[in-house]
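Below: one structure, written as structure tokens.
Quick caveat, the model's predicted, so the values are computed rather than measured. Convention: sequence-line order gives letters A, B, ...; per-chain numbering from 1.
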Amino acid sequence: MKNVIKSVKGTRDFYPDEMAKRQWLVRKLTEASETFGYQMYDGPCLETIDLYAAKSGEELVKEQAFVFNDRGGDPITLRPELTPTLARMVASKQNQLTFPLRWWSFGPFWRYERPQKGRTREFFQWNIDQIGSDSVQADAELLAVAATFLKNVGLNPDQVKLYVNDRQLMDSQLSKIGISAEQKPAMLHLIDRIDKLPSDVWDEKVLAEGLDAEQLKAIRELLENRELWHDSEHMRNLFAMLEVMGVADFVAYEPKIIRGLDYYTGTVFEAQATNGEFRAILGGGHYANLVADVGGSPLPGVGFAMGDVVIMLVLEAYGLIPADLVDPETLFVTVFDQDTLAESIRLASQLRAAGFKVIQAEPEKLAKQFKYADRLGLGKALVLGPEEIEGNTVVVKDLHSIEQVSVNRSQLIEHLRQ
RNA sequence: GUGCCUGUAGCUCAAUGGCAGAGUGCUUCACUGUGGAUGAAGAUGUUGAGGGUUCGACCCCCUCCAGGCACCCCA
């Protein structure tokens, strides 16, 4: 143990147990994506810095991206997010694609930040977008995908909710309060953080932006108004549609949801555990213009991203990750002794040819062989000793129930398929 | 990038500045054709790393590394 070389800070090793969990997660989000007809895509993990510079000013790129020079001296970025890549891919084939696009992706991303609970430097992210539609229906569909996923992994609306807001609604409300266009970005940022800051500190910061006490009061009232969405036709239509889709119980209006990224222009949303214990599980929204910054013609869209870290913490906390992700169908063929080894190997080969997954033991004490099979979590072990070979049978033992039966060799495959 | 907390056997944790331990897990055996139970025996540590103070450091001090928490940011 002493001189094992350390892994890179903020990265994780996926041992088979963890890998099985990750694969399970991928299956769940794949199902949710494909149920709605979304197609899988991916881009490179390496991009030029220019791609991200197009949406400059963001801390995400300037402070958090891994940037290094390649051997030719050109700056290379490990992708910190997928949206710019998506924009580039869409823009460069804009005239050949059939809109609206329904695309999803899952892959690794890197951000150089201080690792802590729910935050690593290398993480996996599910991205899903519908591009080319400006409709309420598109917004509702993405929320429905998210809700479907949450439901499929076993979460219920009491545990997790999708909190939704509308940036245009907030914009007009802030105007009503008399907040200037110059003040708005800072105010939106403060609204986004209201639950993180002590209330007196938050008040101070708002006043420091040049608002008076009356405006402060008005904003606080605004942020407590969960009925505010009735003022927005877009939100009314959205909630009506979510009702029809049968996912409304997973969605709630929340005026404090703003989202950090600047490119969101309409509906914004994030999924959170209702107990407030975890970071946001997923986040997304509607953007008016995906590809203009990378040289395409304006295209609206809506999408969200979900990291693997927080969702797994939430699922772990609620005990929703299946304990037995080991493939129980894998068969274990024991070996009685050196003399019968060839016959065991022959049996294993026949079973593999018939489509079974088979692990072949080596000739050592049967007790050790069974212990090994048990630790791997396997479901069935086959015993082929001199007696069985003599009688042309195989003993099939269920490793969970301890029951074992002797099966005629000719009926073995049929027996195992039951 | 900022502040605070933590780091001892594979894991969970003890040890007032005075011989580094327990539980669990692991290996072997009891069980000569069968795993989880039980019992017996056994192995395992540069106390995260490096330096300092001290007769003596797991313990006190400094630096670094890693993890956790809160900022920042965000999936």
Side-chain angles (χ1 to χ4, degrees), chain A residues 1-12 15 25 29 57-65 79-83 105-128 146 189 192-193 196-198 201 258-262 264 269-272 277-285 303-314 332-337 339-340 361 363-390 395-404 406:
Chain A
M1 276 305 287
K2 6 189 163 166
N3 290 321
V4 177
I5 293 171
K6 285 185 204 152
S7 57
V8 174
K9 180 172 181 160
T11 62
R12 293 161 295 162
Y15 288 83
L25 182 71
L29 59 89
E58 283 191 34
E59 170 157 353
L60 183 61
V61 178
K62 285 202 299 197
E63 309 281 341
Q64 295 198 328
R79 61 181 185 185
E81 58 163 337
L82 191 61
T83 304
S105 183
F106 183 85
F109 294 86
W110 296 266
R111 288 182 196 174
Y112 192 84
E113 59 183 337
R114 186 97 172 241
Q116 52 187 286
K117 194 165 200 172
R119 284 292 176 270
T120 57
R121 286 184 174 180
E122 179 180 69
F123 57 97
F124 291 83
Q125 198 178 65
W126 174 31
N127 282 265
I128 182 162
H189 189 229
D192 203 37
R193 294 194 297 157
K196 285 193 166 183
L197 296 169
V201 173
I258 296 295
R259 306 295 307 150
L261 295 171
D262 295 332
Y264 295 128
F269 56 90
E270 63 185 46
Q272 275 183 354
E277 214 180 290
F278 301 92
R279 291 160 179 276
I281 295 166
L282 61 86
F304 67 81
M306 180 185 81
D308 68 311
V309 184
V310 176
I311 183 66
M312 290 308 272
L313 287 174
V314 172
F332 188 77
V333 174
T334 62
V335 182
F336 185 76
D337 59 21
D339 294 338
T340 65
E364 53 187 344
K365 282 180 145 184
L366 270 178
K368 283 192 81 171
Q369 297 181 42
F370 274 95
K371 194 169 187 178
Y372 178 77
D374 182 47
R375 288 199 187 169
L376 288 182
L378 304 179
K380 283 187 178 129
L382 308 188
V383 183
L384 191 59
E387 285 177 25
E388 286 77 19
I389 293 173
E390 179 76 20
V395 167
V396 179
K397 176 166 182 173
D398 185 306
L399 290 168
H400 301 306
S401 68
I402 311 190
E403 286 165 19
Q404 61 180 47
S406 182

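Atom OH in Tyr372(A) sits about 17 Å away from atom C1' in rU34(B), given to the nearest Å. Rounding to whole angstrom units, CZ of residue Arg79(A) and P of rA75(B) are separated by 15 Å. Distance, Ile402(A) CD1 to rG36(B) C1': 7 Å, rounded to whole Å. Counting to the nearest Å, the P atom of rC73(B) and the CZ atom of Arg111(A) are 13 Å from each other. Computed from coordinates, the Gln64(A) CD to rA75(B) P distance equals 10 Å when rounded to whole Å. rA75(B) atom P lies 16 Å from atom CZ of Arg12(A), rounded to whole Å. Computed from coordinates, the Glu387(A) CD to rU34(B) P distance equals 12 Å when rounded to whole Å. Rounded to an integer number of Å, the gap from Phe336(A) CZ to rU32(B) P is 11 Å.
Relative to the ring axis of Tyr112(A), Lys9(A) does not place its NZ or CZ within 45° and under 6.0 Å from the centre.
Across all strands shown, Ala373(A) has no heavy atoms under 4.0 Å from either base or sugar-phosphate atoms. Using a 4.0 Å heavy-atom distance criterion, Ile311(A) is classed as making no nucleic acid contact. Using a 4.0 Å heavy-atom cutoff across all strands shown, Leu282(A) reaches sugar-phosphate atoms only and no base atom. At a threshold of 4.0 angstrom between heavy atoms, the contacts of Glu270(A) with the nucleic acid are absent. Within the nucleic acid shown, Glu388(A) comes within 4.0 Å of at least one base atom, counting heavy atoms only. Within the 4.0 angstrom heavy-atom criterion, no nucleotide atom of any strand lies near Gln369(A). Within 4.0 Å (heavy atoms only), Thr340(A) reaches no atom of the nucleic acid at all. Looking at heavy-atom distances under 4.0 Å, Asp398(A) makes contact with a base.
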Sugar-phosphate means primed atoms, P, OP1 and OP2; the rest is base. With that split, encode nucleotides 65-70 of chain B 5' to 3' as B, S or - using protein heavy atoms under 4.0 Å.
SSSBSS
In B/S/- notation, 5' to 3', how is nucleotides 25-30 of chain B contacted by protein heavy atoms closer than 4.0 Å?
-SSSSS
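A ring-centre distance under 6.0 Å is found for Phe304(A) and Trp126(A).
To the nearest 0.5 Å, the span separating CG on Asp374(A) from OH on Tyr372(A) amounts to 12.5 Å. The distance from atom CG of Leu82(A) to atom CZ of Phe109(A), rounded to the nearest 0.5 Å, is 4.0 Å. Distance check: Lys380(A) NZ to Ser401(A) OG gives 9.0 Å after rounding to the nearest 0.5 Å.
Counting only heavy atoms from C-beta on, Gln125(A) has its side chain closest to rA75(B) among rA75(B), rG36(B), rG33(B). Residue Phe370(A) places its side chain closer to rU34(B) than to any other of rG36(B), rA75(B), rU34(B).
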Start with the C-alpha distance between Gln272(A) and Arg279(A), add both sets of side-chain angles, then the distance that settles side-chain contact (heavy atoms from CB on, under 4.5 Å), and finish with yes or no.
CA-CA 7 Å; Gln272(A) 275 183 354; Arg279(A) 291 160 179 276; over 6 Å; no
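Rounded to whole Å, the C1' atom of rU44(B) lies 6 Å from the corresponding atom of rA9(B). When the P atom is compared between rU27(B) and rG10(B), the two are found 15 Å apart, to the nearest whole Å. Of the C1' atoms belonging to rC65(B) and rC29(B), the separation is 43 Å, rounded to the nearest Å. Taking atom C1' in both rA43(B) and rG51(B), the straight-line distance is 33 Å, to the nearest Å. Using C1' as the reference atom, rC31(B) and rG23(B) are 26 Å apart when rounded to the nearest Å. Distance check on atom C1': rC4(B) versus rU8(B) gives 23 Å, rounded to whole Å. rU24(B) sits 30 Å from rC60(B) when the P atoms are compared, rounded to a whole Å. The P atoms of rG50(B) and rA41(B) are separated by 36 Å, rounded to the nearest whole Å.
Between the side chain of Asp337(A) and the backbone N or O of Thr340(A) there is at least one donor-acceptor pair closer than 3.5 Å. Panel note: side chain Asp192(A), backbone Arg259(A); a donor-acceptor pair is recorded below 3.5 Å. Using modelled atom types, no side-chain atom of Arg121(A) and backbone atom of Pro115(A) make a donor-acceptor pair closer than 3.5 Å. With Glu122(A) contributing its side chain and Pro108(A) its backbone, the two residues share no donor-acceptor pair below 3.5 Å.
Taking each heavy atom of Phe336(A) and Gly385(A) in turn, the nearest pair found is CB-CA, 3.8 Å. A pairwise comparison of heavy atoms in Gly283(A) and Tyr264(A) identifies O-OH, 4.2 Å as the closest pair. Shown here for Val310(A) and Gly118(A), the closest heavy-atom pair between the two residues is CG2-O, 3.7 Å.
Of the two residues contacting RNA chain B, namely Gly385(A) and Thr120(A), the nearest-nucleotide position lying further toward the 5' end is that of Gly385(A). Along RNA chain B, the nucleotide nearest Leu197(A) and the nucleotide nearest Ala367(A) are compared for position; the residue whose nucleotide lies closer to the 5' end is Ala367(A).
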Once Watson-Crick and G-U wobble pairs under 3.5 Å are found, how is RNA chain B written in dot-bracket notation, 5' to 3', with | for any base paired to another strand?
(((((((..((((....[..)))).(((((.......))))).....(((((..]....))))))))))))....
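Salt-bridge formation is detected for the pair Arg12(A)/Asp308(A): a Lys NZ or Arg NE/NH1/NH2 atom is positioned less than 4.0 Å from an Asp or Glu carboxylate oxygen.
For the pair His400(A) and rG35(B), the criterion of a side-chain N or O lying under 4.0 Å from OP1 or OP2 is not met.
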